[in-house]
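In what follows, a single structure is set out as structure tokens and then discussed.
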Amino acid sequence: MNTIPHLPAVVDIGAVPIVDTASFTQSVREYLSEGNTRHCLHYVAVPHGSDLRCIAILASDKEHHCHGISHVVSPGATVPSISQHHPQMHIFERDLWERHGIEFEGHPWLKPVRFPVGAAHGRGIDDYPFFRIDGGEIHEVGVGPIHAGVIEPGHFRFQCTGEDVLHLEIMLGYQHRDVEGELVRSGNPRKRSVIVESIAGDTTIGHAWAHAMAVEKLAGVTCDSVSEIERAIALELERMAIHMGDLGALSLDVAWQLGSSYFGALRTPLINFFQLWCGNRFGKGLIRPGANRFRLTSELRSSMRTTLDEVEKKFTALVNKMFSLPSVNNRFEKAGIVTHEQVALIGAVGMSARMSGLARDIRHSHPHGVYSSREYASIVEHGGDVLSRALVRRREIDASIAIIRDLLTELDGMLSTSPVPNVVSLAPNSIAISAVEAWRGELVHVVVTDATGNISTYRVKDPSMHNWFVLALSVRNNEISDFPICNKSFDLSYCGHDL
Amino acid sequence: MLTMLKILAETGRQTIPDVTKVALPAIFRGKPEIASTPCESGCTTCRDLCPTSAIRISNSTVTLDLGACVFCGECADECPADKIAFTNDHLVASNNRSSLVIAEGDVSSITFDPDLVRKEIVGTFGSSLKLRQVSAGGCNACELELNACGNVNFDMGRYGIEFVASPRHADGVVITGPISLNMSEANQICHDSVPDPKVVILTGACAISGGVFANSPALQRAYVDRYNVDLYVPGCPPHPLTFINGVLTMIRSKHA
């Protein structure tokens, strides 16, 4: 394995060692066996002559570094599955099986991920092999792809006895637009910037930043320090806005009307601030490789301080009330528990890990930009239930307010007018890796260039790729009527998963 | 109880009193204007950088299709002749696909053509319109803005316009996203389940034209050619006020 000391990183693809499949499997297994603080950031395949070179990027939360290792596999070959020993690898191996036809022997759950065009398994979206429990008292409940509200599509298949859920299987892929293929096919760098902003609209800033860092590394461009600070402000603002909206959604699902209305009303000034800053309520158009297109002027900075003060005051009163209401706590507490052992085993990331005692947070483990110079303490709860997930959101809103205030102070007196550079030429034969702790958890972008410096492979990992399984586990042995609050407490991304 | 009343009092009235008369901040990128001043000789900068090929140049005149535009504004930033500018006019929804194409010198607002409204829906939904939303490859930004239409700020429900769970209870469909192949069948089933007469609304650049994913092999867009589209709502995503005003204009329109 070669060590990658910091993220974002660019390395010559030749520097990532190629070992035989047996050594690869053994090395990855050994690496992941070192407790709960190690996980796989991504596992991608790139063309290698007529074969495939499968590269694993492994990360340690504790030692703050990453490792790369690869092995060469023929399309359609059979290799031993690592998932049978480390279930966190299941989604990556399923993805490689689906895209390239690599058979993973011993994989406990080798099923389609997102039904891309030309999938090696040859299955269409109406042909998913669902797990099924048989028995006289068992009934099945199917929900979706179209759900009751204005939300994205996905299919949930519950196996129930009476009101109790024994098992939930989540089948996705309806949102697949071939984002990664479009990123490779598009020779227009500006188009790529717009595509990444549409990977998941609720994580516009996160994905735009991850993309920008990867491209900056490949182009050898350094982003100005004002842009760095502004990006972190935008990321924390995005986190606050979504957490605020989700606390409102949770209130709605437990029939607390005041929270439903007013958390929503408190989200409005936050996303309207994005509109004031860059002309779009989601921050689309703000971040580009090299620099930000819109600057936090001194007027905007002072307007942001005022907005934060007002939101904080109202939020504190509202959220204190929320968590003092027996009718709310009664529904949240002990609902949808996922244990620490489960989240570690399945490789949960972000708040889906932190709600059950696993302190996985890129801002702490692999900090970049302004996070490198700060001792950022991850917010961790231990209950693993809906209450813990709601509390993580509450505490992260408070933390984000503090971080933004701190960054605004740092910005005092700093101004930048550096224009967005025209990033054209990328380093050839390289692999760039970037990671951002967006509100759901770590986003990872892996960009590979060919001998002429064109992008040959672009792989995106949205945190939801890991965390959908956590939602499925959360409803086991719960009443099916608690599914909505479990679902809202995670609020996972369909389009980020389906790509 | 007292705390809740205090929260209510301190938060105050949040609702925009009249959604038809709101000016968005100047920086908001709404309807663009293209000046008739000549381009620099042979210049194709705007067309080349446009991420969705929304810009055409023929005979040295520039047109911009709002059905494809993601309002990134990069064309306006880069045009060496400063011909393109985005105004804050958010009233860009129309039932006429061709009126979304902005030509040089076009400074009037986007028009809605009352005579194009199908006669079976004129006057039918004037005070009540129930909609079934289908996200077919949408990135969730359009969906979040459609949800925001019903929040305490925009309160679309006061006009009788609401999203409903069952297509059987709906008067029409609102499609977001470029219509992925994997979602095309479910989208069609949903459409077929809505009783006639029904309206079809395409929301966002992806739904109207495929947007930034227009060339992706993972789409199946036959649906948009199969039916009469009653309203196009441009944007990436469209502002809630763009959607609400577009729908209000549609349901309130009368034939001449």
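Chain A is the first sequence line, chain B the second, and so forth, proteins listed ahead of strands; every chain is numbered from 1.
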Qualifying side-chain hydrogen bond (donor to acceptor under 3.5 Å, both in side chains) pairs, either residue in residues 230-241 of chain B, two or more places apart =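 Only A:Gln275-B:His239, B:Arg118-B:Asp230, B:Asn228-B:Asp230 qualify under side-chain hydrogen bond (donor to acceptor under 3.5 Å, both in side chains).
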If I measure from the heavy atoms of chain B, does [X] come under 4.5 Å with its side chain, its backbone, both, or neither?
{"X": "A:Val420", "value": "neither"}
{"X": "A:Leu286", "value": "neither"}
{"X": "A:Arg185", "value": "side chain"}
{"X": "A:Arg177", "value": "both"}
{"X": "A:Ile195", "value": "both"}
{"X": "A:Asp178", "value": "both"}
{"X": "A:Phe115", "value": "both"}
{"X": "A:Lys321", "value": "side chain"}

Measure distances from [X] to the heavy atoms of chain A and classify the residue's part below 4.5 Å as side chain, backbone, both or neither.
{"X": "B:Val164", "result": "backbone"}
{"X": "B:Ala26", "result": "neither"}
{"X": "B:Pro178", "result": "side chain"}
{"X": "B:Cys142", "result": "neither"}
{"X": "B:Leu24", "result": "side chain"}

Given side chains that start at C-beta, do those of [X] and [Y] come closer than 4.5 Å, heavy atoms only?
{"X": "B:Ser180", "Y": "A:His176", "value": "no"}
{"X": "B:Cys139", "Y": "A:Gln175", "value": "no"}
{"X": "A:Tyr262", "Y": "B:Leu8", "value": "yes"}
{"X": "B:Met183", "Y": "A:Ile146", "value": "yes"}
{"X": "B:Asn140", "Y": "A:Tyr494", "value": "no"}
{"X": "A:Ser198", "Y": "B:Phe213", "value": "yes"}

Say you draw a straight line from [atom1] of [X] to [atom2] of [Y]; how long is it, rounded to the nearest 0.5 Å?
{"X": "A:Asn188", "Y": "B:Thr52", "atom1": "CG", "atom2": "OG1", "result": "10.0 Å"}
{"X": "A:Leu266", "Y": "B:Thr11", "atom1": "CG", "atom2": "OG1", "result": "6.5 Å"}
{"X": "A:Cys278", "Y": "B:Phe28", "atom1": "SG", "atom2": "CZ", "result": "11.0 Å"}
{"X": "B:Ile27", "Y": "A:Leu300", "atom1": "CD1", "atom2": "CG", "result": "7.0 Å"}
{"X": "B:Met4", "Y": "A:Leu318", "atom1": "CE", "atom2": "CG", "result": "9.5 Å"}

So, for [X] and [Y], which heavy atoms are closest and what is the spacing to 0.1 Å?
{"X": "B:Ala186", "Y": "A:Pro145", "result": "CB-CG, 3.7 Å"}
{"X": "B:Cys236", "Y": "A:Asn280", "result": "O-ND2, 3.1 Å"}
{"X": "A:Glu182", "Y": "B:Val212", "result": "OE1-O, 4.1 Å"}
{"X": "A:Phe282", "Y": "B:Leu144", "result": "CE2-CD1, 3.5 Å"}
{"X": "A:Ile151", "Y": "B:Ser135", "result": "O-CB, 3.9 Å"}
{"X": "A:Ala265", "Y": "B:Val152", "result": "CB-CG2, 3.7 Å"}

Chain B interface, residue from [options] that has the most non-hydrogen pairs under 4.5 Å:
{"options": "A:Arg288, A:Arg267, A:Arg190", "answer": "A:Arg190"}
{"options": "A:Gly173, A:Gly144, A:Ala200", "answer": "A:Gly173"}
{"options": "A:Glu310, A:Lys314, A:Lys284", "answer": "A:Lys284"}

Which one of [options] has the most heavy-atom pairs closer than 4.5 Å to chain A?
{"options": "B:Leu146, B:Leu49, B:Asn151, B:Leu219", "answer": "B:Leu49"}
{"options": "B:Gly30, B:Ala218, B:Pro167", "answer": "B:Ala218"}
{"options": "B:Glu10, B:Arg132, B:Gln14, B:Glu143", "answer": "B:Arg132"}

ask   = If you count the non-hydrogen atoms of other residues, nucleotides and ligands that lie under 6.0 Å from CZ in B:Arg158, is the total more than 12?
value =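 For B:Arg158, atom CZ is crowded (more than 12 foreign heavy atoms under 6.0 Å).
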task = Select all residues of residues 67-78 of chain B having any heavy atom within less than 4.5 Å of some heavy atom of chain A, and report them by number, or 'none'.
result =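 Checking residues 67-78 of chain B against chain A gives B:Val70, B:Cys72, B:Gly73, B:Glu74, B:Asp77, B:Glu78.
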message = Assess, by modelled atom type and distance only, whether the side chains of B:Asn153 and A:Thr268 contain a donor and an acceptor separated by less than 3.5 Å.
response =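 Side-chain D/A pair, B:Asn153 to A:Thr268: present.
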ask   = Between A:Arg281 and B:Glu145, is the closest basic N to carboxylate O distance under 4.0 Å?
value =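 Salt bridge flag = yes for A:Arg281 with B:Glu145.
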